[in-house]
Colleague: 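Okay, handing you the structure first.
All of these numbers come straight from a predicted model, not from anything done at the bench. Positions are given from 1, in the same order as the sequence printed here.
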Amino acid sequence: MELTFASYNIHKGVGLDRRRDPERILAVLREIDADVIALQEADRRLGRRETVIPRQMLQDYSPWDAVALNHRPDSLGWHGNALLVRRGIAVAEAAIVPLPTLEPRGAIRADLVVGGQRLRVVGMHLDLSGLRRRQQLRTILDHLERCAVPGPTVLMGDCNEWGVRRGSLGEFRAPWRVLDSGPSFPSRRPVARLDRIVVSPEWHLAETGVHHSALSARGSDHLPIFARLALPGAA
């Protein structure tokens, strides 16, 4: 079984032209055509925390559904984190993962079933503070350890980590693997690997990279990243 995972900080749908354009964000996502997508900054920050991409637009013009978290009726996710799953992939369970923070940050977790195989996905947006990032990653890893049913796991999101070999990502000790998809920020001329995908040892990496297109270069201040992963032995 082979699946494509992607992570994209959509900057509340506001591009480098300062226009909020959810249709452009959907067009970028269709270019990537991933099976599971983690979005960051998917909701507006104030008021009712309304989703940037209207649910009806997602239903009518995309092959994905948002994982239901049943927390805020107008939001697509939790603290701006949302998970989109290709239709036909079953969601067995979903939960929010509250993180220690002084600013609105969070993580969300979904257990999916594909071809009879259960797998786990976490979407996250970490703090600007290095100390907080470490605390948040420990919280996420503790949450995963407490899950009743183990399974192949993919974590992805905007980690706000500028370091390549050191820093908060050092919390992921073997057998976790932090993939090097490439620099994704800022989108016009990317130099920093702020966006990351982390995988458990069951996965085999087929391909990973940054999706750089004419649309993605101006759709947000981040570029999307992706990884094509395989589970040996899974149908």
Colleague: Is there a side-chain contact (heavy atoms from CB on, under 4.5 Å) between Asn81 and Leu39? Walk through the geometry before answering.
Modeller: CA-CA 6 Å; Asn81 290 280; Leu39 298 180; over 6 Å; no
Colleague: Considering all heavy atoms of both residues, which atom of Ala82 and which atom of Ala42 are nearest to each other, and what is their separation?
Modeller: CB-CB, 4.1 Å
Colleague: Measure the spacing between CZ of Arg109 and CG of Leu144 and express it to the nearest 0.5 Å.
Modeller: 7.5 Å
Colleague: Check the surroundings of atom CZ in Arg87: do more than 12 heavy atoms from other residues, nucleotides or ligands lie under 6.0 Å from it?
Modeller: yes
Colleague: Less than 4.5 Å apart, any side-chain heavy atom of Val36 and any of Leu84?
Modeller: no
Colleague: Keeping the roles fixed (side chain from Arg196, backbone from Leu179), state whether a donor-acceptor pair exists under 3.5 Å.
Modeller: yes
Colleague: Does Thr208 form a side-chain contact (heavy atoms from CB on, under 4.5 Å) with Asp180? I'd like the steps, not just the answer.
Modeller: CA-CA 7 Å; Thr208 187; Asp180 186 0; over 6 Å; no
Colleague: Assess whether side-chain contact (heavy atoms from CB on, under 4.5 Å) is satisfied between Arg30 and Tyr61, documenting all intermediate values.
Modeller: CA-CA 9 Å; Arg30 286 195 294 266; Tyr61 299 107; 4.0 Å; yes
Colleague: Would you say the side chain of Ile140 lies within less than 4.5 Å of the side chain of Val122, judging by non-hydrogen atoms?
Modeller: yes
Colleague: Should Arg24 and Asp17 count as an ion pair when the cut-off is N to O under 4.0 Å?
Modeller: yes
Colleague: Do Leu83 and Ile108 come close enough that some side-chain heavy atom pair is under 4.5 Å?
Modeller: yes
Colleague: So which of Asp221, Asp158, Asp195 actually passes side-chain hydrogen bond (donor to acceptor under 3.5 Å, both in side chains) with Ser184?
Modeller: Asp195
Colleague: If only atom types and distance count, is the side chain of Trp203 paired as donor or acceptor with the main-chain N or O of Pro232 below 3.5 Å?
Modeller: no
Colleague: Tell me whether Val113 shares a hydrophobic cluster with Leu3, the cluster being built from Ile, Leu, Val, Met, Phe, Trp, Tyr side chains joined at under 4.5 Å.
Modeller: no
Colleague: Can you check whether Arg218 reaches Ser187 side chain to side chain, under 4.5 Å on heavy atoms?
Modeller: no
Colleague: Give, for atom NE2 of His11 and atom CG of Asn9, the distance between the pair rounded to the nearest 0.5 Å.
Modeller: 7.5 Å
Colleague: Checking the side chain of Asp43 only, and the main-chain atoms of Leu76 only, is there a donor and an acceptor separated by less than 3.5 Å?
Modeller: yes
Colleague: In terms of hydrophobic clusters joined by side-chain contacts under 4.5 Å, are Ile25 and Leu16 together?
Modeller: no
Colleague: Do Met57 and Arg55 touch side chain to side chain, with heavy atoms closer than 4.5 Å?
Modeller: no
Colleague: Quick check for you: to the nearest 0.5 Å, what is the distance between Leu215 atom CG and Glu23 atom CD?
Modeller: 11.5 Å
Colleague: Which value, rounded to the nearest 0.5 Å, describes the distance between Leu229 atom CG and Thr4 atom OG1?
Modeller: 8.0 Å
Colleague: Can any side-chain N or O of Arg86 pair as donor or acceptor with the backbone N or O of Ile37 at less than 3.5 Å?
Modeller: no
Colleague: Can you tell if the side chain of Val114 reaches within under 4.5 Å of the side chain of Leu119, non-hydrogen atoms only?
Modeller: yes
Colleague: When you look at Phe172 and Leu141, which way does the side-chain contact (heavy atoms from CB on, under 4.5 Å) test go after all the steps?
Modeller: CA-CA 9 Å; Phe172 290 108; Leu141 291 171; 3.9 Å; yes
Colleague: Heavy atoms, side chains only, cut-off 4.5 Å: are Asp127 and Pro100 in contact?
Modeller: no
Colleague: Give a yes or no on whether a salt bridge exists between Lys12 and Glu50, defined as a side-chain N under 4.0 angstrom from a carboxylate O.
Modeller: no
Colleague: Which atom names give the shortest non-hydrogen contact between Phe5 and Ala34, and what distance separates them?
Modeller: C-CB, 4.2 Å
Colleague: Here's a test for you: under side chain to side chain contact (heavy atoms under 4.5 Å, CB included), which of His125, His222, Met124, Met156 qualifies with Ser7?
Modeller: Met156
Colleague: Work out which heavy atom in Thr139 is nearest to a heavy atom in Pro98; give both atom names and the distance.
Modeller: CG2-O, 3.5 Å
Colleague: Below 4.5 Å, heavy atoms only, C-beta onward: do Leu205 and Val199 meet side chain to side chain?
Modeller: no
Colleague: Looking at the rings of Phe226 and His211, which for Trp means the six-membered one, are their centres under 6.0 Å apart?
Modeller: no
Colleague: Of all heavy-atom pairs between Pro224 and Val28, which one has the smallest distance, and what is that distance?
Modeller: CG-CG1, 3.9 Å
Colleague: Quick check: closest heavy atoms across Ser168 and Leu137, and the distance to 0.1 Å?
Modeller: O-CD1, 3.3 Å
Colleague: Closest approach of Ser200 and Glu202, non-hydrogen atoms and distance?
Modeller: OG-OE1, 2.5 Å
Colleague: Say whether Ile10 and Val14 are linked into one hydrophobic cluster, either directly or through other cluster members, by side-chain heavy-atom distances under 4.5 angstrom.
Modeller: no
Colleague: Under a 4.0 Å threshold between the charged nitrogen and the carboxylate oxygen, would Arg193 count as salt-bridged to Glu161?
Modeller: no
Colleague: To the closest 0.5 Å, what do you measure between CD1 (Ile32) and OG (Ser213)?
Modeller: 8.0 Å
Colleague: Does this structure show an ion pair linking Asp111 with Arg120, if we count only N-O contacts that are shorter than 4.0 Å?
Modeller: yes
Colleague: Measure the spacing between CD1 of Ile89 and CG of Asp35 and express it to the nearest 0.5 Å.
Modeller: 5.0 Å
Colleague: Quick one about Ser75 and Thr51 (side-chain donor to acceptor, distance below 3.5 Å, no hydrogens or angles considered), yes or no?
Modeller: no
